[in-house]
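Presented below is the structure to which this report refers.
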Amino acid sequence: MPELPEVETIRRYLEQRLTGQRIEGVTIRHASLRRPVSRTLPKKLAGQTIQAVERRAKYLLLRCGTGTLILHLGMTGRLTVLPAATPALKHDHLDLLLADKKCLRFNDSRRFGTVLWTTQDPRLHPLLADLGIEPLKPDFTGAYLHQRARGRIVAIKNFIMNQHVVVGVGNIYASEALFQAGIHPARPAGKLSLQRYERLAGAIQQVLEAALAAGGTTLRDYRQGDGNPGGFQVQLLVYGRAGEPCTTCGRPVQQTRIGQRSAYFCRKCQR
DNA sequence: AATCGCGCCTGACGGC
DNA sequence: TGCCGTCAGGCGCGAT
(Lines give C-alpha, C1' and ligand atoms only; values in the text may rest on other atoms or scores of the structure.)
Protein backbone atom coordinates (compact mmCIF):
# COMPACT_ATOMS: atom_id res chain seq x y z
CA MET A 1 0.00 0.00 0.00
CA PRO A 2 1.88 3.03 1.11
CA GLU A 3 5.06 3.49 -0.86
CA LEU A 4 7.39 6.45 -0.54
CA PRO A 5 5.03 9.17 -1.85
CA GLU A 6 2.23 8.03 0.44
CA VAL A 7 4.45 7.77 3.53
CA GLU A 8 6.06 11.14 2.81
CA THR A 9 2.61 12.73 2.35
CA ILE A 10 1.62 11.41 5.76
CA ARG A 11 4.91 12.54 7.27
CA ARG A 12 4.26 16.11 6.17
CA TYR A 13 0.76 15.97 7.60
CA LEU A 14 2.01 14.62 10.91
CA GLU A 15 4.93 17.01 11.12
CA GLN A 16 2.53 19.97 11.10
CA ARG A 17 0.32 18.54 13.79
CA LEU A 18 2.67 16.65 16.08
CA THR A 19 5.88 18.64 16.31
CA GLY A 20 6.26 20.04 19.82
CA GLN A 21 3.29 18.06 21.16
CA ARG A 22 3.46 16.32 24.48
CA ILE A 23 2.20 12.75 24.66
CA GLU A 24 -0.09 12.34 27.67
CA GLY A 25 -0.75 8.65 27.26
CA VAL A 26 -1.28 5.73 24.95
CA THR A 27 -4.37 3.61 24.39
CA ILE A 28 -3.72 0.15 22.99
CA ARG A 29 -6.87 -1.60 21.81
CA HIS A 30 -5.28 -4.40 19.80
CA ALA A 31 -1.63 -5.19 20.35
CA SER A 32 -1.69 -8.16 18.00
CA LEU A 33 -0.03 -6.63 14.99
CA ARG A 34 2.24 -8.91 13.02
CA ARG A 35 4.98 -7.69 15.33
CA PRO A 36 3.07 -7.32 18.60
CA VAL A 37 2.90 -3.84 20.12
CA SER A 38 4.81 -3.74 23.38
CA ARG A 39 2.57 -3.54 26.43
CA THR A 40 5.11 -1.22 28.02
CA LEU A 41 4.63 1.38 25.28
CA PRO A 42 2.31 3.61 27.37
CA LYS A 43 4.88 3.77 30.14
CA LYS A 44 7.67 4.62 27.71
CA LEU A 45 5.74 7.29 25.82
CA ALA A 46 3.81 9.10 28.53
CA GLY A 47 5.33 12.51 29.12
CA GLN A 48 7.50 12.46 26.02
CA THR A 49 7.49 15.43 23.66
CA ILE A 50 7.55 14.81 19.91
CA GLN A 51 10.46 16.84 18.62
CA ALA A 52 10.45 15.87 14.95
CA VAL A 53 8.65 13.62 12.47
CA GLU A 54 11.10 12.02 10.06
CA ARG A 55 10.94 9.37 7.37
CA ARG A 56 13.45 6.68 6.48
CA ALA A 57 12.33 4.47 3.60
CA LYS A 58 8.70 3.61 4.36
CA TYR A 59 9.21 4.02 8.11
CA LEU A 60 8.01 7.07 10.01
CA LEU A 61 10.11 8.16 12.97
CA LEU A 62 8.58 10.17 15.80
CA ARG A 63 11.61 11.60 17.54
CA CYS A 64 10.95 12.07 21.23
CA GLY A 65 13.06 13.21 24.16
CA THR A 66 14.59 9.90 25.17
CA GLY A 67 13.80 7.69 22.20
CA THR A 68 11.95 7.26 18.92
CA LEU A 69 8.63 5.71 17.99
CA ILE A 70 9.11 3.77 14.76
CA LEU A 71 5.95 3.32 12.66
CA HIS A 72 5.36 1.29 9.51
CA LEU A 73 2.00 1.21 7.74
CA GLY A 74 2.33 -2.20 6.10
CA MET A 75 -0.31 -2.51 3.40
CA THR A 76 -3.37 -0.95 5.03
CA GLY A 77 -2.12 1.24 7.89
CA ARG A 78 -3.58 4.73 8.38
CA LEU A 79 -2.52 7.53 10.71
CA THR A 80 -4.89 10.37 11.52
CA VAL A 81 -4.94 13.19 14.03
CA LEU A 82 -8.42 13.43 15.56
CA PRO A 83 -10.16 14.83 18.62
CA ALA A 84 -9.30 12.33 21.35
CA ALA A 85 -12.99 11.78 22.09
CA THR A 86 -13.72 10.46 18.59
CA PRO A 87 -15.25 6.99 18.98
CA ALA A 88 -12.93 4.23 17.85
CA LEU A 89 -13.92 2.23 14.80
CA LYS A 90 -13.01 -1.25 13.72
CA HIS A 91 -9.24 -1.73 13.36
CA ASP A 92 -8.41 1.42 15.36
CA HIS A 93 -5.63 -0.36 17.20
CA LEU A 94 -3.78 2.39 19.00
CA ASP A 95 -4.01 6.09 20.01
CA LEU A 96 -1.32 8.46 21.18
CA LEU A 97 -3.15 10.93 23.41
CA LEU A 98 -1.84 14.43 22.89
CA ALA A 99 -1.82 17.42 25.20
CA ASP A 100 -4.22 19.42 23.01
CA LYS A 101 -7.06 16.89 23.50
CA LYS A 102 -6.36 15.30 20.15
CA CYS A 103 -4.90 11.93 19.42
CA LEU A 104 -2.81 10.25 16.77
CA ARG A 105 -4.84 7.19 15.77
CA PHE A 106 -3.40 4.13 14.06
CA ASN A 107 -5.84 2.02 12.05
CA ASP A 108 -4.72 -1.09 10.16
CA SER A 109 -7.19 -3.68 8.93
CA ARG A 110 -4.63 -6.25 7.85
CA ARG A 111 -2.35 -5.61 10.83
CA PHE A 112 0.82 -5.81 8.76
CA GLY A 113 1.97 -2.52 10.26
CA THR A 114 4.57 -1.98 12.97
CA VAL A 115 4.69 0.26 16.05
CA LEU A 116 7.79 0.06 18.17
CA TRP A 117 9.83 2.14 20.57
CA THR A 118 13.59 2.35 20.55
CA THR A 119 16.04 4.32 22.63
CA GLN A 120 18.94 3.73 20.26
CA ASP A 121 19.55 5.72 17.09
CA PRO A 122 16.55 4.47 15.09
CA ARG A 123 18.60 4.38 11.91
CA LEU A 124 20.75 1.73 13.56
CA HIS A 125 17.77 -0.39 14.57
CA PRO A 126 17.97 -3.83 12.91
CA LEU A 127 14.87 -3.09 10.81
CA LEU A 128 16.41 0.09 9.42
CA ALA A 129 20.16 -0.43 9.54
CA ASP A 130 20.51 -2.31 6.25
CA LEU A 131 18.09 -0.27 4.18
CA GLY A 132 19.20 0.97 0.78
CA ILE A 133 19.52 4.43 -0.65
CA GLU A 134 16.81 7.11 -0.62
CA PRO A 135 15.73 7.57 -4.25
CA LEU A 136 14.98 11.28 -3.97
CA LYS A 137 18.47 12.08 -2.69
CA PRO A 138 21.15 13.15 -5.18
CA ASP A 139 23.40 10.15 -4.51
CA PHE A 140 20.78 7.87 -6.06
CA THR A 141 22.07 7.41 -9.59
CA GLY A 142 22.07 4.96 -12.45
CA ALA A 143 25.69 4.20 -11.64
CA TYR A 144 24.70 3.18 -8.12
CA LEU A 145 22.00 0.80 -9.37
CA HIS A 146 24.25 -0.59 -12.06
CA GLN A 147 27.00 -1.30 -9.55
CA ARG A 148 24.62 -2.94 -7.05
CA ALA A 149 23.10 -5.10 -9.80
CA ARG A 150 26.38 -6.63 -10.91
CA GLY A 151 26.09 -10.39 -11.19
CA ARG A 152 22.50 -10.52 -10.02
CA ILE A 153 19.95 -12.58 -11.89
CA VAL A 154 16.84 -11.40 -10.10
CA ALA A 155 14.16 -9.69 -12.22
CA ILE A 156 14.70 -5.94 -12.44
CA LYS A 157 11.26 -5.33 -10.96
CA ASN A 158 12.13 -7.30 -7.84
CA PHE A 159 15.53 -5.64 -7.72
CA ILE A 160 14.13 -2.11 -7.52
CA MET A 161 11.51 -3.23 -4.99
CA ASN A 162 14.27 -4.62 -2.77
CA GLN A 163 14.44 -2.18 0.15
CA HIS A 164 18.07 -3.11 0.72
CA VAL A 165 18.91 -1.67 -2.70
CA VAL A 166 16.67 1.39 -3.02
CA VAL A 167 13.89 2.25 -0.60
CA GLY A 168 10.34 3.40 -1.09
CA VAL A 169 9.53 1.69 -4.39
CA GLY A 170 6.63 -0.74 -4.07
CA ASN A 171 4.56 -2.67 -6.54
CA ILE A 172 2.80 0.28 -8.16
CA TYR A 173 5.75 2.57 -8.75
CA ALA A 174 8.00 -0.30 -9.82
CA SER A 175 5.71 -1.03 -12.77
CA GLU A 176 5.30 2.66 -13.56
CA ALA A 177 9.03 3.45 -13.46
CA LEU A 178 9.92 0.45 -15.64
CA PHE A 179 7.33 1.51 -18.19
CA GLN A 180 8.72 5.04 -18.25
CA ALA A 181 12.23 3.66 -18.66
CA GLY A 182 11.23 1.21 -21.40
CA ILE A 183 12.54 -1.82 -19.49
CA HIS A 184 10.78 -5.19 -19.38
CA PRO A 185 10.06 -6.02 -15.71
CA ALA A 186 11.42 -9.57 -15.96
CA ARG A 187 14.86 -8.59 -17.31
CA PRO A 188 17.68 -9.91 -15.14
CA ALA A 189 19.03 -6.98 -13.12
CA GLY A 190 22.66 -7.83 -13.81
CA LYS A 191 22.22 -7.68 -17.58
CA LEU A 192 21.16 -4.07 -18.02
CA SER A 193 23.62 -1.46 -19.25
CA LEU A 194 24.69 1.60 -17.28
CA GLN A 195 22.84 3.72 -19.79
CA ARG A 196 19.59 1.90 -19.16
CA TYR A 197 20.11 2.21 -15.40
CA GLU A 198 20.57 5.93 -15.79
CA ARG A 199 17.23 6.12 -17.51
CA LEU A 200 15.66 3.93 -14.84
CA ALA A 201 17.00 5.99 -11.95
CA GLY A 202 15.56 9.09 -13.60
CA ALA A 203 12.22 7.37 -14.13
CA ILE A 204 12.02 6.25 -10.50
CA GLN A 205 12.71 9.77 -9.29
CA GLN A 206 10.25 11.27 -11.73
CA VAL A 207 7.37 8.94 -10.88
CA LEU A 208 7.92 9.27 -7.14
CA GLU A 209 8.09 13.07 -7.34
CA ALA A 210 4.96 13.25 -9.47
CA ALA A 211 3.08 10.93 -7.12
CA LEU A 212 4.23 12.94 -4.12
CA ALA A 213 3.04 16.14 -5.77
CA ALA A 214 -0.38 14.50 -6.22
CA GLY A 215 -0.57 13.37 -2.59
CA GLY A 216 0.04 9.69 -3.40
CA THR A 217 -1.95 6.98 -5.12
CA THR A 218 -5.24 5.72 -3.68
CA LEU A 219 -6.53 2.47 -5.10
CA ARG A 220 -8.43 1.26 -2.09
CA ASP A 221 -7.07 1.77 1.39
CA TYR A 222 -4.61 4.62 1.36
CA ARG A 223 -5.74 7.96 2.74
CA GLN A 224 -3.82 11.11 3.41
CA GLY A 225 -3.82 12.15 7.07
CA ASP A 226 -6.92 14.31 6.58
CA GLY A 227 -8.84 11.30 5.24
CA ASN A 228 -8.76 12.43 1.61
CA PRO A 229 -7.55 10.07 -1.09
CA GLY A 230 -4.42 10.81 -3.08
CA GLY A 231 -4.62 11.88 -6.70
CA PHE A 232 -1.94 10.00 -8.59
CA GLN A 233 -4.12 7.00 -9.54
CA VAL A 234 -5.42 8.95 -12.54
CA GLN A 235 -1.86 9.34 -13.83
CA LEU A 236 -0.93 5.65 -13.69
CA LEU A 237 0.11 4.51 -17.15
CA VAL A 238 0.27 0.74 -16.72
CA TYR A 239 -0.47 -0.30 -13.13
CA GLY A 240 -3.95 -1.84 -12.89
CA ARG A 241 -4.60 -1.22 -16.59
CA ALA A 242 -4.35 -4.76 -17.99
CA GLY A 243 -5.96 -4.95 -21.42
CA GLU A 244 -6.21 -1.19 -21.85
CA PRO A 245 -4.23 0.39 -24.69
CA CYS A 246 -0.66 1.44 -24.00
CA THR A 247 -0.53 5.24 -23.94
CA THR A 248 2.50 5.13 -26.24
CA CYS A 249 1.76 2.46 -28.85
CA GLY A 250 -1.86 1.40 -28.31
CA ARG A 251 -1.14 -2.28 -27.73
CA PRO A 252 -2.94 -3.82 -24.75
CA VAL A 253 -1.14 -3.54 -21.42
CA GLN A 254 0.03 -6.96 -20.21
CA GLN A 255 -0.33 -8.32 -16.70
CA THR A 256 1.90 -11.08 -15.42
CA ARG A 257 3.27 -12.37 -12.17
CA ILE A 258 6.86 -11.77 -11.14
CA GLY A 259 7.98 -12.85 -7.69
CA GLN A 260 4.37 -13.54 -6.64
CA ARG A 261 3.37 -9.96 -7.40
CA SER A 262 1.43 -8.48 -10.28
CA ALA A 263 3.51 -6.73 -12.88
CA TYR A 264 2.05 -4.53 -15.61
CA PHE A 265 3.92 -3.62 -18.77
CA CYS A 266 3.79 -3.04 -22.51
CA ARG A 267 5.29 -5.83 -24.56
CA LYS A 268 6.29 -3.48 -27.37
CA CYS A 269 7.58 -0.48 -25.43
CA GLN A 270 9.48 -2.40 -22.75
CA ARG A 271 12.36 -4.66 -23.65
C1' DA B 1 25.47 -13.58 -0.60
C1' DA B 2 21.48 -14.05 -3.26
C1' DT B 3 17.14 -15.97 -4.19
C1' DC B 4 12.75 -18.12 -3.39
C1' DG B 5 8.52 -19.10 -1.14
C1' DC B 6 5.73 -18.67 2.81
C1' DG B 7 3.02 -16.48 6.21
C1' DC B 8 1.07 -12.79 8.67
C1' DC B 9 -4.31 -10.64 8.29
C1' DT B 10 -8.92 -8.64 6.58
C1' DG B 11 -11.82 -7.31 2.96
C1' DA B 12 -13.46 -6.80 -1.73
C1' DC B 13 -14.75 -8.89 -5.79
C1' DG B 14 -16.18 -12.25 -9.35
C1' DG B 15 -18.11 -16.69 -10.53
C1' DC B 16 -21.36 -20.02 -9.62
C1' DT C 1 -28.41 -14.53 -1.25
C1' DG C 2 -24.37 -17.08 0.05
C1' DC C 3 -20.23 -19.66 -0.49
C1' DC C 4 -15.65 -20.13 -2.34
C1' DG C 5 -11.45 -18.91 -4.45
C1' DT C 6 -8.47 -15.19 -5.65
C1' DC C 7 -6.31 -11.06 -5.11
C1' DA C 8 -4.54 -6.79 -2.75
C1' DG C 9 -0.03 -1.20 -2.54
C1' DG C 10 4.77 -5.00 2.44
C1' DC C 11 8.18 -7.31 4.56
C1' DG C 12 10.78 -10.55 7.53
C1' DC C 13 12.11 -15.16 7.95
C1' DG C 14 13.96 -19.72 7.07
C1' DA C 15 15.52 -22.91 3.61
C1' DT C 16 18.38 -23.63 -0.25
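Here the structure is a predicted model, which is why all the values come from computation and not from measurement. Numbers restart at 1 for each chain; the letters A, B, ... are given by sequence-line order, proteins then strands. Because only heavy atoms are used, hydrogens play no part in the values below, and waters and symmetry mates are left out as well, while side chains stay in.
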Which residues within residues 108-120 of chain A lie with some heavy atom under 4.0 Å of an atom in DNA chain C?
->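 The answer is A:R110, A:F112.
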Could you name each residue pair satisfying salt bridge (charged side-chain N to carboxylate O under 4.0 Å, His left out) that touches residues 147-157 of chain A, not counting sequence neighbours?
->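 Qualifying pairs, neighbours excluded: none.
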Mapping A:G151 and A:R220 to their closest nucleotides on DNA chain B, which lands nearer the 5' end?
-> A:G151
Starting at the 5' end of DNA chain B and moving along, which residue's nearest nucleotide shows up first, A:H91 or A:A155?
-> A:A155
How would you label the contact of [X] with the nucleic acid (heavy atoms, under 4.0 Å): base, sugar-phosphate, or nothing?
X: A:L33; result: nothing
X: A:Y239; result: sugar-phosphate
X: A:Q260; result: base
X: A:R148; result: nothing

Does the side chain of A:R152 get closer than 4.0 angstrom to OP1 or OP2 of B:dT3 through an N or O atom?
->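 Yes, A:R152 has a side-chain N/O under 4.0 Å of OP1/OP2 on B:dT3.
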Any ion pair linking A:K137 and A:E134 (charged N to carboxylate O, less than 4.0 Å)?
->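 A salt bridge is absent here (no side-chain N lies under 4.0 Å from a carboxylate O).
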Partner residues of A:E15 under the salt bridge (Lys or Arg N to Asp or Glu O under 4.0 Å) criterion, sequence neighbours left out = A:R11
Give me the other members of the hydrophobic cluster that A:Y59 sits in, counting Ile, Leu, Val, Met, Phe, Trp and Tyr linked by side-chain heavy atoms under 4.5 Å, directly or via other members.
-> A:L61, A:I70, A:L116, A:L127, A:L128, A:L131, A:V167
Of all pairs that satisfy ring pair (Phe, Tyr, Trp, His ring centres under 6.0 Å), the ones with a partner from residues 94-114 of chain A, not counting sequence neighbours =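 Of all non-adjacent pairs touching residues 94-114 of chain A, none passes ring pair (Phe, Tyr, Trp, His ring centres under 6.0 Å).
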Separation of C:dG9 P from A:R261 CZ (nearest whole Å) =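 The distance from CZ of A:R261 to P of C:dG9 comes to 5 Å, rounded to the nearest Å.
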Identify all stems in which DNA chain C takes part, counting only runs of at least 3 consecutive pairs (Watson-Crick or G-U wobble, each distance under 3.5 Å), and give each as one range with another, ordered by first number.
->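 If one scans DNA chain C for consecutive Watson-Crick or G-U pairs, the stems found are B:2-8 with C:10-16, B:10-16 with C:2-8.
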